[in-house]
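To keep things clear, I will list the structure first and then write my remarks on it.
Hydrogens, waters and symmetry mates are skipped; everything else that's a heavy atom, side chains included, is used.
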Amino acid sequence: MATPESERAYLERLGTLLELEAAEEAARAKARAERLSPADAEAAGISLVDLVVADEYSGLGGLQVVKLVKRNRTLDLPWSRIDTGSPVVLTTLGLSLRGVVANRKRDQLSVALQGGFHDLPEDAAFRLDLSSDEVTTARQRAALARVMAARDGRLFELRQVIFGRSAPALTDDATQPADAALNAAQQAAVRLGLQARDVALIHGPPGTGKTRTLVALIRAAVARGEQVLATAPSNLAVDNMMERLVAAGVRVVRLGHPARVLPELADHTLAVQVAEHPDVRAARKLVQEAFQLRRKADKETRTRMDRKARGAMRYEAKQLLKDARRMEQQAIERILDGAQVVCATTSVDPEILGARRFDLVAVDEAAQSTEPGTWPPVLMAERVVLAGDHRQLPPTVVSPEAAAGGFALSLFERLMERLPPSAHVQLTAQYRMHAAIMGFSNRELYAGTLTAAPEVEGHLLSDLPGVEASPLTTEPLELIDTAGAGWDEALEPDGESRRNPDEAELVAKKVQALVQAGLPPGDIGVITPYAAQARLLRGLIADDRVEVDTVDGFQGREKEAIVISLVRSNPDQELGFLTDVRRMNVALTRARRKLLVVGDGATLSAHPFYADLLSYVEAAGLYRSVWEEA
């Protein structure tokens, strides 16, 4: 049982680890920028150079948004890690501004700038650099401070339960799940979420319908008149929930820029609904007038207009912006009041929601977020339900010191260890994988508790229409061992990622064989732990309908066939972050009917997890040597 002192010490330590992580992210971004020339930084995907401002306008919340293009407007923007939602720094001579990419297209991108309205020099050449996410860090820092400062009220009561000073309580609510097709474990999870007074956990291993169960809980809560905040660490996970809620007819409002949301859901974003509100259309006209007045005042510094007149113009512009912001805020409040569910990432903007509280805060993929990353939505909760799987993708932590201090321990995982069994439910029936694909992870990580649903336990690629029967399509699992082939890994020139060209060639060959067997390219996914290998594979696989991504990019996704390239092959048997078996669990559980793993068994076998994987595949008669490949 935690004491107040140890409780505070724990939160203070989390704050220290948060600062270490933020400092490491900033240091890495700065080191990359300083190490490389502008051209090399652009080639490495961390910068865009020689940009000019093509347009500027006011976005939600009065943010100044600038549209940037290449100075040579016939050029498209090159490949870059800078994408929608990326925190960035926009610089030109004597000016450095932070912002977030609001939208990216083939030949342009828009950046929402922080810190009010900025006068940008005309015809200047700008550089855009990937940056650490200071806004998210600031929100997490503020959330921890509020948790520490709580002395009474609902936040204090929730903190008591989360730190083990009070037991989580249940009601006798008899509300039924909104989805009658749920299995017994899923229905039990929904009932727990409805009966919990404080905190409940839904443990959802791969393919067990965790998100479907959480959506059923949200719908049942809405049916009894509750307002819900539905969150997740990533935009994609939020959109997965939102898509199901919209289809069920729930009134949903999505926070965040529309460009960060699936296109078919953009009309449900707060930004779009606010923009279409009559009051806001009037406010936009005031903003345009304010910008015109400011520009006019700035130009008049070169004429004989006196200082008092220029000051009056700037004051009028300021008042117009205040009026516009007030009108916009009123529209936001009305729209949020009418929503049954508000959807947002866990870095939810407190300025938009203000002091608003929700009957239920539901957090999907909660095991992927650090504990400080989960607290911002919890601040707004009457009760909290966290759904996730601490045996899959953990929080991403770049600071070795922060990781060593326990920063990668999610609130979900900590509560799985601390809360009594009455506060959590594990889902046990999986509806994705052939039993042979499921079997290894089930044995290694879930103590054999999972069962494959009858409709998936024996399904194969050859059962699909148009797919010919062959060893490639009638065997659900296959591992190709490249040991002895001399296919050594190599560091990418920027020194930050690894690739294995020979292994990539074999993976591309296997993808082509699957397509030739009749499997549609869109049903194939290629997963690799390393971004450099993913870029190499995208170049080798001609059909861009085949999805190629890192492990993190495939979390929550599935394909009929998955091919995994493990990359690591070296005489020292070094595996790097392949040793994080939770990430590998994600990769191994994305396939429905066919899982094909390519890797160097001599290197992999140094780790017990991969040694067991080799043994599992051999026992099933599905082990292959690269020497068997034609």
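A 4.5 Å side-chain heavy-atom check between Arg8 and Glu12 finds at least one atom pair inside the cut-off. Proximity of Gln227 to Gln340: side-chain heavy atoms (C-beta onward) are nowhere separated by under 4.5 Å. Side-chain contact between Cys343 and Leu255 is absent, with no heavy atoms from C-beta onward closer than 4.5 Å. Contact annotation: the side chain of Thr16 never approaches that of Leu14 to less than 4.5 Å [non-hydrogen atoms, C-beta and beyond]. Contact annotation: the side chain of Leu170 approaches that of Leu192 to within less than 4.5 Å [non-hydrogen atoms, C-beta and beyond]. The shortest distance between side-chain heavy atoms of Arg498 and Gln533 does not fall below 4.5 Å. No side-chain heavy atom of Met380 sits less than 4.5 Å from a side-chain heavy atom of Arg356. Taking the side chain as every heavy atom from C-beta outward, Tyr530 and Leu578 approach each other to under 4.5 Å.
The shortest non-hydrogen separation linking Ala362 to Leu214 is CB-CD1, 3.9 Å. Taking every heavy atom of both residues into account, Ala220 and Gln176 meet most closely at CB-O, 3.8 Å. What you find for Pro206 and Asp389 is that their closest heavy atoms are CD-OD2, 3.7 Å. Heavy atoms only, all atoms of each residue included: Thr211 and Arg244 are closest at CG2-NE, 4.0 Å. Contact between Pro395 and Ala367 at its shortest, heavy atoms only, is CD-O, 3.2 Å. For the pair Ala453 and Tyr431, the tightest heavy-atom approach, listed with the atom from each and the gap, is CB-CD2, 3.5 Å.
The cationic atom of Arg414 (NZ for Lys, CZ for Arg) lies less than 6.0 Å from the six-membered ring centre of Phe163 and within 45° of the ring axis.
For Asp549 and Arg557, the salt-bridge test fails: no basic side-chain N is under 4.0 Å from an acidic carboxylate O. Between Arg141 and Glu134 no salt bridge is recorded (no basic side-chain N to carboxylate O distance below 4.0 Å). Electrostatic pairing of Arg224 and Asp359 does not count as a salt bridge here, judged by no charged N lying under 4.0 Å from a carboxylate O. We find that Arg432 and Glu558 are joined by a salt bridge, their nearest charged nitrogen and carboxylate oxygen being less than 4.0 Å apart. Between Arg582 and Asp580 there is a salt bridge, since at least one side-chain N of the basic residue sits less than 4.0 Å from a carboxylate O of the acidic one. We find that Asp239 and Arg254 are joined by a salt bridge, their nearest charged nitrogen and carboxylate oxygen being less than 4.0 Å apart. The existence of a salt bridge linking Arg443 and Asp612 is excluded, since no basic side-chain nitrogen approaches an acidic carboxylate oxygen closer than 4.0 Å.
Considering Val190, Val341, Leu245, Val228 in turn, Leu245 is the only one that fulfils the side-chain contact (heavy atoms from CB on, under 4.5 Å) rule with Arg219. A side-chain contact (heavy atoms from CB on, under 4.5 Å) with Thr589 is found for one member of Met584, Gln430, Arg391, Met433 and no other, namely Met433. With respect to Tyr446, the side-chain hydrogen bond (donor to acceptor under 3.5 Å, both in side chains) criterion is satisfied by exactly one of Asn585, Thr208, Thr428: Asn585.
Ring centroid separation for the pair Tyr616 and Tyr610 does not come in under the 6.0 Å cut-off.
A donor-acceptor pair is defined here as one N or O able to donate and one able to accept, closer than 3.5 Å; such a pair exists between the side chain of Arg357 and the backbone of Ala381. With Arg590 contributing its side chain and Val586 its backbone, the two residues share a donor-acceptor pair below 3.5 Å. Between the Thr231 side chain and the Thr346 main chain, no donor and acceptor come within less than 3.5 Å of each other. A side-chain donor-acceptor contact under 3.5 Å links Arg13 to the backbone of Gly405. In terms of modelled atom types and a separation under 3.5 Å, the side chain of Arg151 and the main chain of Met148 share a donor-acceptor contact.
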Test side chain to side chain contact (heavy atoms under 4.5 Å, CB included) applied to Ile527 and Val563, step by step: CA-CA 6 Å; Ile527 304 177; Val563 185; over 6 Å; no

Lys210 and Asp364: CA distance, side-chain angles, deciding distance, salt bridge (Lys or Arg N to Asp or Glu O under 4.0 Å) verdict: CA-CA 8 Å; Lys210 168 181 56 61; Asp364 200 6; 2.7 Å; yes

Stepwise salt bridge (Lys or Arg N to Asp or Glu O under 4.0 Å) check, Arg197 with Glu382: CA-CA 8 Å; Arg197 287 187 185 276; Glu382 290 298 322; over 6 Å; no

Side chain to side chain contact (heavy atoms under 4.5 Å, CB included) assessment of Val526 paired with Glu547: CA-CA 6 Å; Val526 179; Glu547 191 169 352; over 6 Å; no

Evaluation steps, side chain to side chain contact (heavy atoms under 4.5 Å, CB included), between Leu613 and Val617: CA-CA 6 Å; Leu613 175 62; Val617 175; 4.2 Å; yes

Pair Arg583-Thr396, side-chain hydrogen bond (donor to acceptor under 3.5 Å, both in side chains): steps then yes or no: CA-CA 10 Å; Arg583 274 194 157 79; Thr396 300; 3.1 Å; yes

Intermediate values then yes/no, side chain to side chain contact (heavy atoms under 4.5 Å, CB included), Ile562 and Phe554: CA-CA 10 Å; Ile562 290 288; Phe554 263 96; 4.1 Å; yes

Criterion side-chain hydrogen bond (donor to acceptor under 3.5 Å, both in side chains) on Asp173 and Thr171, from CA distance to verdict: CA-CA 6 Å; Asp173 186 278; Thr171 70; 5.2 Å; no

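Distance check, rounded to the nearest 0.5 Å: CD of Gln187 to CG of Leu427 gives 11.5 Å. How far CZ of Arg383 is from CZ of Arg154: 9.5 Å, rounded to the nearest 0.5 Å. Distance check: Glu371 CD to Gln140 CD gives 11.0 Å after rounding to the nearest 0.5 Å. Residue Glu25 holds its CD atom at 9.0 Å from OG of Ser131, rounded to the nearest 0.5 Å. Thr579 contributes atom OG1, which lies 11.0 Å from atom CD of Glu574 (distance to the nearest 0.5 angstrom). A distance of 12.5 Å separates CZ of Arg499 from OG1 of Thr528, quoted to the nearest 0.5 Å.
By the side chain to side chain contact (heavy atoms under 4.5 Å, CB included) test, Ala181 pairs with Asp179, Arg212, sequence neighbours left out.
Between the side chains of Gln160 and Glu157, not a single donor N or O lies within less than 3.5 Å of an accepting N or O. Under 3.5 Å, the side chains of Ser369 and Thr374 contain a donor-acceptor pair of N or O atoms. With 3.5 Å as the limit, one finds a donor-acceptor pair spanning the side chains of Gln426 and Thr449.
Few gaps surround CD on Glu19; more than 12 heavy atoms of other groups in view lie less than 6.0 Å from it. Shown here is Glu351, whose CD atom has no more than 12 heavy atoms of other residues, nucleotides or ligands within 6.0 Å. Within 6.0 Å of atom CZ in Arg146, 12 or fewer heavy atoms from other residues, nucleotides or ligands are found, so the atom counts as exposed in its surroundings.
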